[in-house]
Every structure is written in structure tokens, then in C-alpha cells.
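Some notes on the structure that comes next.
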Amino acid sequence: MLLVQHIRDHYDQVLLGLNKRNLKNAATALQQVLDLDDLRKSAQTQRDQFQAEANTISKEIGTLMKEGKTAEATAVRDRSALLKTQIKELEEQHEQAEAELKALLYTLPNVPFTAVPAGKSAEDNEVVLSHGEIPSLGEGKLPHWELIKKYDIIDFDLGVKIAGAGFPVYKGKGARLQRALINFFLDQALAAGYVEVQPPILVNEDSGYGTGQLPDKEGQMYFANEDKLYLIPTAEVPITNLYRDVLVNTSDLPIKNVGYTPCFRREAGSWGAHVRGLNRLHQFDKVEIVQITHPDNSYATLEEMSAYVQGLLRQLELPYRVLRLCGGDMGFTSAMTYDMEVYSAAQERWLEVSSVSNFETYQANRLKLRFKGEDKKSQLAHTLNGSALALPRIVASILENNQDPDGIRMPKVLHPYLGFDRI
RNA sequence: AGAGAGUUGGGUGAGUGGCUGAAACCAACAGUUUGCUAAACUGUCGUACGGGUUAUACUGUACCGGGGGUUCGAAUCCCCCACUCUCUGCCA
């Protein structure tokens with residue numbers, strides 16, 4: 001959520017940023033924010049004055065009663081009653097302005113960082129770099145949804161029986177590959193200084209608001225109605241919310257956490273020709289890295305996290321490219337995002353396997369995640385996160401890129417985790 | 001799921017409807033002193049939103065799990081909700 005004070009102080013910059021996102025009526029919305037805030041303030045100032053008077057009167061009455069001056073006390077009481085109705089009126093004004101302001105702020109996305117390119121869709125994203133060679137497979141190359149049947153390692157039909165489309169069943173070497181990747185990713189993160197956490201995979205409403213999935217993406221999360229809990233779409237939600245309502249010391253920063261969780265996404269309305277096989281699932285596994293940093297360091301950290309994720313892809317021997325997302329394609333809460341895509345050689349297309357973002361104070365403001373600076377004033381920290389990595393599309397590209405007539409070659413780094421080197 | 005108990009500042013923990021933004025202790029921070037360490041002593045020490053100021057100072061209001069009510073006045077009384085703990089039940 002954007003800070004009103006920030007909008008006030010950097011109006012032009014915020015407006016420019018929101019325009020970069022192609023947000024309609026940005027200027028109107030911002031002006032409305034300021035108006036509502038003014039309204040809120042003036043109502044509060046007046047209410048506080050009346051309340052102060054009422055408080056004084058109450059004390060007077062107490063004294064008068066003690067001294068037995070009942071008649072005088074009753075007289076003062078009338079004034080108090082009048083104040084009370086005025087206070088109530090102003091209170092309502094204040095609450096309404098505040099509620100409207102909050103609702104409006106919830107609809108405003110984060111302001112893109114200056115380095116974010118303008119643009120409307122994925123086509124306008126900027127390719128920052130590419131790495132690795134795109135393998136040229138001969139005739140008879142199979143897409144991963146054929147390979148998994150051929151080698152009987154992932155079964156979608158069984159998943160349909162148990163749950164529905166988009167819930168695969170991993171079997172035999174397929175299951176082992178999942179476990180190997182998870183352990184490999186976790187071990188790498190540990191080596192890079194991340195502290196592992198195993199969070200709940202169902203979260204309450206407050207957590208959903210904390211990281212911005214609510215109210216923006218309400219319909220995209222599975223909801224356990226009986227207990228009012230959401231199944232997490234990403235470990236970002238529970239891990240970042242560990243720090244909701246937390247005031248940390250500057251010396252505690254940066255905080256680095258990594259966690260493996262299954263992720264659940266309803267993906268309502270996003271099924272089509274390009275989502276066969278592992279390309280899009282309702283349930284998938286992901287290892288997520290989260291950092292909480294001092295505002296001065298967050299962009300250096302973003303680069304560090306990007307480099308870290310690229311290191312994983314190199315070790316897995318996958319050709320990849322890094323995109324800097326344009327304003328129109330960036331997530332609602334992000335100030336800048338890098339997407340990492342691997343090349344899937346049978347499908348002959350790039351697949352997004354990681355998204356690394358800096359949210360600046362956007363999440364921290366909702367979370368009330370602050371640190372005490374050297375001037376002993378508390379200020380909002382910056383939050384970042386990234387997939388490191390999401391499994392299904394990694395699996396898809398490993399299977400497709402490494403296929404040969406004799407089977408599928410496994411990346412070297414996984415051999416110790418797998419206990420085999422081919423499928 | 002049933003019954004009971006509870007929820008107060010960073011922590012522990014007092015608190016008869018006005019003298020309580022809240023005792024005390026601990027922690028933290030600053031300082032004094034004994035050669036250093038330890039100890040002792042003194043002081044500071046919640047958050048949010050306003051007013052005010054170049055910035056301080058100063059100042060108002062709210063907050064004792066959340067919401068509502070009674071009252072001139074609520075941490076304290078009443079109602080609803082959430083959560084935690086204990087026992088019983090169930091269970092990996």
C-alpha cells in the first residue's frame with residue numbers, strides 16, 4: 001500500500017510511475033487520496049478538540065460530585081451531552097474518510113522503480129541477458145507431456161481421479177526428481193546464508209492482506225470456508241507475514257529466509273492452449289527466498305537475488321534468459337521484477353521459472369514491518385522475494401532438453417540427490 | 001467437538017468506575033563511580049494519528065485481544081466475536 005505522505009511529497013513522480021503501469025485515472029485517484037486525507041485530518045483535529053473539552057468536563061464533574069455540589073455538576077453535564085453528539089458526528093466523518101482512503105489505496109498498485117521500462121504487455125519486457133545454448137533436438141523429440149507417459153514418471157490421469165485437472169501425481173523416478181530438486185534448492189540457499197523455515201501452508205485473512213494477495217487476487221486462492229483459511233499461492237505469503245507487526249533492529253537486517261512449500265493456485269480463467277502438461281498447475285512445489293532489507297540496500301539485494309537464481313539455473317545446465325518486466329506486466333505489489341525463463345526445447349518456447357521482485361515499502365506498509373534506525377525513529381523496511389525455484393517448468397525443460405534415444409540425462413548436480421543419472 | 005480459565009507496555013506482572021498511559025520487577029539505552037570486567041547508583045525508556053515548529057521543544061486525541069453498549073467519566077461493569085491455555089473426546 002502506498003504511503004499518503006509519499007504521494008504528497010512526490011506527487012509527480014508517483015503519477016509518472018502509475019502512468020507507466022497504464023493505470024487509468026491515476027491523476028484523479030491520487031487527487032482523491034489527498035482530498036480524503038485532508039478530510040480525515042480536519043475531522044480528527046476538530047474531534048480531538050471537542051474530546052479534550054469533554055475530558056476536562058468529566059474531571060470537573062468528578063470533583064464537584066465529591067464536594068457534594070450536585071446542582072453545579074448537573075449543569076455542566078448538559079454541556080457534556082452536547083459535546084457528545086458533536087463528537088459522534090465528527091467521529092463518523094473521520095471513520096468514513098479513513099475507510100474510503102484505505103479502500104482507495106488498496107486499489108493503487110506499487111510505483112515502478114525508475115529503471116522499469118514502460119510498456120503494456122509481456123512483449124514489452126526487456127531482455128537483460130541470455131545464457132546457455134539452445135539445444136537442437138533431432139527428429140522425434142517429444143514434449144514433456146509425452147515423455148512423462150513414456151517413462152511413467154508423472155500421471156495426470158491419476159491426479160484427475162484424486163483431485164482434478166492440474167494436480168499431477170509424481171511416480172517413481174518422477175517423485176524422486178521432485179525431492180532431489182527441493183533438497184538441492186534448499187541446500188544451495190542455506191549455503192548462501194538463508195535461514196530455512198517451514199511455514200503453514202494455510203493462512204488467515206490478515207496474512208493475505210499483509211502481502212497484497214487480498215483484496216487484489218481474492219478469486220485466485222483456494223479458500224477453506226469452514227475455518228476461513230486460504231491455501232497459499234506461494235511461500236511468500238506465510239514467510240513474509242512472519243514479520244507482520246514486527247519492529248526489528250537495524251543490526252538484524254538483512255533478514256534472509258528460504259522455505260519449501262507446495263503452492264496452490266486456482267488459475268481461474270487462465271487455461272488455454274499453452275498450458276498443457278506441467279506448464280500450469282493448481283498445485284506445484286516451489287522453494288522461495290525472502291529478504292527484508294534496509295531501504296538503502298534493497299536494489300543491490302535484488303541484483304544479488306537475481307544472480308543467485310541464475311546460479312541455480314547454470315548448475316542445472318539450463319539455457320535461460322533474464323527479463324526486466326515492463327510497467328504493464330509487473331505484479332501489483334512490485335516496484336521492480338526480474339523474470340527468469342528457461343528454454344524448453346521440445347515446446348520451443350521460454351518458460352517462466354522464477355520471478356524476483358523488490359516491493360520496497362509497499363508490503364512493509366501493510367505489514368507494519370519496521371526497523372529502528374540510528375535516529376531511533378522507526379521506518380518501514382523493504383521486502384523482496386524470489387522463486388528459487390518453482391519446480392514444474394524446471395522439470396519440463398530438464399526432460400525436454402536432455403532427452404535422447406536412450407532416455408533422459410539428469411544434470412550432474414542432481415546425481416547425488418537422485419541416486420541415478422538417467423531416466 | 002464439549003466444559004472451564006485467560007488475553008494489560010520488549011518480557012514478567014499489579015490494577016476498588018474518576019488520583020492510571022497505566023505500579024513493581026526484568027530487559028534495553030545514556031550517564032556517574034570503583035584501575036578493567038562485574039556490581040552499585042542516577043536518569044531515559046510504548047505505539048498511532050493530529051496541532052505546532054525550518055527542525056526541535058511543546059501540545060491534543062486514541063489505544064490495556066477486536067467490536068459494540070452502559071456512564072458526565074471504563075483497563076475496571078454488560079453484550080458479541082477472535083485467539084490462547086487446561087481437562088474430556090477424537091486423531092498422524
Side-chain angles (χ1 to χ4, degrees), chain A residues 1-9 33-105 198-210 214 223-230 238 241-253 255 262 292 361 364-381:
Chain A
M1 181 155 65
L2 297 177
L3 291 155
V4 177
Q5 195 56 48
H6 185 262
I7 296 175
R8 221 176 258 290
D9 295 344
V33 165
L34 297 184
D35 290 346
L36 281 168
D37 192 49
D38 287 338
L39 195 66
R40 178 189 67 85
K41 279 192 213 171
S42 65
Q44 182 182 339
T45 306
Q46 245 186 88
R47 181 205 62 188
D48 284 359
Q49 278 168 8
F50 284 135
Q51 187 61 253
E53 191 184 341
N55 287 346
T56 315
I57 288 177
S58 288
K59 278 183 187 157
E60 276 172 24
I61 292 176
T63 322
L64 290 171
M65 298 288 264
K66 252 179 216 165
E67 291 168 358
K69 298 175 183 170
T70 345
E72 289 168 50
T74 330
V76 186
R77 238 181 240 181
D78 293 341
R79 172 67 184 155
S80 179
L82 180 66
L83 281 172
K84 218 172 149 183
T85 57
Q86 285 171 318
I87 289 169
K88 192 162 186 184
E89 219 169 276
L90 286 163
E91 181 71 41
E92 276 164 15
Q93 267 182 41
H94 180 254
E95 270 174 27
Q96 200 191 330
E98 206 165 48
E100 279 177 31
L101 179 60
K102 196 171 171 189
L104 183 57
L105 285 172
Q198 282 194 22
I201 58 177
L202 279 87
V203 297
N204 56 27
E205 192 184 61
D206 284 348
S207 299
Y209 275 97
L214 294 174
F223 183 56
N225 190 49
E226 192 79 358
D227 297 293
K228 310 289 180 220
L229 294 171
Y230 294 86
N241 270 282
L242 295 175
Y243 305 96
R244 172 154 46 86
D245 293 322
V246 166
L247 180 60
V248 299
N249 291 318
T250 315
S251 56
D252 297 331
L253 300 176
I255 292 169
I292 294 159
T361 59
N365 188 27
R366 287 197 190 183
L367 293 162
K368 295 203 187 71
L369 163 53
R370 292 158 302 162
F371 67 94
K372 262 222 162 95
E374 279 170 18
D375 54 356
K376 290 187 178 169
K377 280 192 175 174
S378 58
Q379 58 173 310
L380 295 170

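So that the names make sense, note that chain A is the first sequence line, chain B the second, and so on, each numbered from 1. Nothing here was measured: the structure is a model prediction, and the numbers come from that model.
- Rounded to whole Å, the C1' atom of B/A3 lies 42 Å from the corresponding atom of B/C19.
- The P atoms of B/G65 and B/U16 are separated by 15 Å, rounded to the nearest whole Å.
- Residue-level contact check: A/S80 touches the backbone only, with heavy atoms under 4.0 Å from sugar-phosphate atoms and none from bases.
- Comparing B/C45 with B/A39, their P atoms sit 23 Å apart, to the nearest whole Å.
- Computed from coordinates, the A/I61 CD1 to B/C19 P distance equals 14 Å when rounded to whole Å.
- The separation between A/F50 atom CZ and B/G73 atom C1' is 19 Å, rounded to whole Å.
- Atom P of B/G9 sits at a distance of 15 Å from the matching atom of B/C63, rounded to the whole Å.
- Residue A/R370 places at least one side-chain N or O under 4.0 Å from the OP1 or OP2 atom of B/A48.
- Side-chain N/O atoms of A/Q51 include one lying less than 4.0 angstrom from OP1 or OP2 on B/A62.
- The separation of B/G21 from B/A74, taken at their C1' atoms, amounts to 14 Å, rounded to a whole angstrom.
- The listed nucleotides are B/U61, B/G50, B/G73; the one nearest the side chain of A/S58 is B/G73.
- Taking atom CG of residue A/L82 and atom P of nucleotide B/G73, one finds them 13 Å apart after rounding to whole Å.
- A gap of 28 Å separates the P atoms of B/G10 and B/G69, to the nearest Å.
- Picking from B/C72, B/U61, B/C49 the nucleotide with the shortest atom distance to the side chain of A/A52 gives B/U61.
- Of the C1' atoms belonging to B/A23 and B/U76, the separation is 15 Å, rounded to the nearest Å.
- Taking atom CD1 on A/I87 and atom P on B/G73, their separation rounds to 9 Å, with Å as the unit.
- No side-chain N or O of A/S58 forms a donor-acceptor pair with one of A/N55 less than 3.5 Å apart.
- If you measure from atom CD of A/E53 to atom P of B/G51, you get 20 Å, rounded to the nearest angstrom.
- The side chain of A/T45 has B/G51 as its nearest neighbour among B/G51, B/G60, B/C72.
- Each of A/Q49 and A/G62 was assigned the nucleotide of RNA chain B with the nearest heavy atom; the assignment lying further toward the 5' end belongs to A/G62.
- Applying the Watson-Crick and G-U wobble criteria (two distances, each under 3.5 Å), B/C25 pairs with B/G11.
- Closest non-hydrogen pair, A/L380 versus A/A364, comes out as CD2-O, 3.6 Å.
- Using a 4.0 Å heavy-atom criterion, one finds that A/R47 contacts the sugar-phosphate atoms exclusively.
- Look at CD on A/Q44: it is 12 Å from P on B/G52, rounded to the nearest Å.
- The nearest whole Å value for the distance from the NZ atom in A/K102 to the P atom in B/C49 is 13 Å.
- Spacing of C1' atoms, B/G46 relative to B/G35, comes out at 39 Å, to the nearest Å.
- Spacing between atom CG of A/D245 and atom P of B/G10 amounts to 11 Å, rounded to whole angstrom units.
- Among the nucleotides B/G51, B/A62, B/C72, the one closest to the side chain of A/N55 is B/A62.
- Taking side-chain N and O atoms only, A/K228 has no distance below 4.0 Å to OP1 or OP2 of B/A82.
- The nucleotide B/A55 finds no pairing partner, because no Watson-Crick or G-U wobble arrangement with both distances shorter than 3.5 Å includes it.
- A donor atom on one side chain and an acceptor atom on the other are not found under 3.5 Å apart for A/Q96 and A/E92.
- Using N1 to N3 plus N6-O4 or O6-N4 for Watson-Crick, or N1-O2 and O6-N3 for G-U wobble, each under 3.5 Å, B/G4 pairs with B/C85.
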